[in-house]
There are 2 protein chains.
Amino acid sequence: MRLSKKTEYALKALIYAARHPEGTTFQIKELAERNGIPKKFLELILLELKNAGIVQSRRGVGGGYLLARHPEAVRSSEIIEAIEGPVVPPKVPKGRERRLPREELSPAVFRLVRETSEAIEAALNRWTLADLAREEQEAAERGQRNPMYFI
Amino acid sequence: MRLSKKTEYALKALIYAARHPEGTTFQIKELAERNGIPKKFLELILLELKNAGIVQSRRGVGGGYLLARHPEAVRSSEIIEAIEGPVVPPKVPKGRERRLPREELSPAVFRLVRETSEAIEAALNRWTLADLAREEQEAAERGQRNPMYFI
DNA sequence: CAAATCCCTACTTATACAATCGGGTTTATC
DNA sequence: GATAAACCCGATTGTATAAGTAGGGATTTG
């Protein structure tokens, strides 16, 4: 499986968010600088995550973003689907409504694709954002260089 | 999950091959016409399947392609990986050796990707080419229009 | 040797994605 | 109520991949 940079950035941003003190905001600028993410690109990503109900925002001086829910309540499949579109076949990513490829697929292949997609979703559902953040923390503590978060 | 047209064609071609009398060859030209696949594109695909050891070829008059093994011995993961490259992360598709994205991925995300990839491979391994061909046949017999194979 | 068939390499075109830019609007503070 | 910090949004550009094209070369059989 291959994740787009956009999705990688979304995951990085949310792991960062999960490790931020609860209820406080973080700013795009700082997140972008610490993680080497282009600021404008990150704006776009956080907007999509907000529309998906994963983060919320506060505007104005001292504003920023924060998680909309507890990290335990955010499945990684949600994050990935918020950015890349649904994993399961019926709908085509990002609102494109052209003539469905399903009709063209032979029944056997369609079934293969559907079952595999369900396996992907199940695998992604086994991990929440809290799990990712915890594992990230542990890896950092084990001394593997991880120069990103909180200096 | 999304399959490229190339992979769809590969699967169609192999299902066709599996339903062909064992030990006899089929020709690109006929396969292409009956399945609506561009002939030149199909040549390319069959060549790759041959290099992957899934089909063999015979040249000259009366030549053609045939399966290199029994359909029960061909896992669908093999087919898909022959065309799209490995499913599991460590290697990058199609021999590209640029600086690995693994290093850039945070450990938690890398693990998520790896486990998901393994789930994909496991799902694909549950089906062999024989299963696909059988299901295709049954669907055709149930009257769902399937104008492709053997008229 | 002529015809049928696969074999190989390179080229072309269309689309998606990554990333950037430029300019807004809203809100909080002083 | 002016200013600054942050969010909001559309247009644009460069690159990679997908999908298909083109044309000739190599082999085998009648």
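So you know, we letter chains A, B, ... as the sequences are listed, proteins then strands, and number each from 1.
- Applying the side-chain contact (heavy atoms from CB on, under 4.5 Å) criterion to B:Glu72, with sequence neighbours excluded, gives B:His70, B:Ala130.
- Counting to the nearest Å, the P atom of C:dT12 and the CZ atom of B:Phe41 are 18 Å from each other.
- Partners of B:Ala119 according to the side-chain contact (heavy atoms from CB on, under 4.5 Å) rule, which considers only residues two or more places apart in sequence or in another chain, are A:Ala123.
- For the OP1/OP2 pair of D:dA19 and a distance below 4.0 Å, the side-chain nitrogens and oxygens of B:Ser4 include at least one atom meeting the criterion.
- Legend: ring pair (Phe, Tyr, Trp, His ring centres under 6.0 Å) pairs involving residues 23-45 of chain A, not counting sequence neighbours, sorted by first then second residue: A:Tyr9-A:Phe41, A:Tyr16-A:Phe26, A:His20-A:Phe26.
- Legend: residues meeting salt bridge (Lys or Arg N to Asp or Glu O under 4.0 Å) with A:Arg134, ordered by chain and number and at least two apart, are A:Asp131.
- The distance between atom CG of B:Leu42 and atom P of D:dG20, rounded to the nearest whole Å, is 11 Å.
- Consecutive Watson-Crick or G-U pairing (both distances under 3.5 Å) extending over three or more pairs maps onto DNA chain C as C:1-30 with D:1-30.
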Considering only nitrogen or oxygen atoms on both sides, find all protein atoms under 3.5 Å from nucleotides 5-11 of chain D and state each distance.
unit_1, atom_1, unit_2, atom_2, d
D:dC8, OP1, A:Lys50, NZ, 2.8
D:dC8, OP2, A:Tyr65, OH, 3.3
D:dC8, N4, A:Lys40, NZ, 3.3
D:dC8, N4, A:Glu43, OE1, 2.9

Could you give the side-chain donor-acceptor pairs of residues 55-63 of chain B under 3.5 Å, partners two or more places apart or in another chain?
none

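- Judged as a side-chain contact (heavy atoms from CB on, under 4.5 Å), and not counting sequence neighbours, the contacts of B:Thr7 are B:Leu3, B:Ser4, B:Leu11, B:Ile80, B:Ile83, B:Glu84.
- Rounded to a whole Å, the CZ atom of A:Arg2 is 11 Å from the C1' atom of D:dA16.
- Atom CD in B:Glu84 sits about 7 Å away from atom P in D:dA18, given to the nearest Å.
- Here the side chain of A:Glu78 pairs a donor or acceptor atom with the backbone of A:Arg75 at under 3.5 angstrom.
- Straight-line distance from the CD1 atom of B:Ile45 to the P atom of D:dG20: 8 Å, rounded to whole Å.
- For A:Lys40, the side-chain contact (heavy atoms from CB on, under 4.5 Å) criterion is met by A:Glu43, not counting sequence neighbours.
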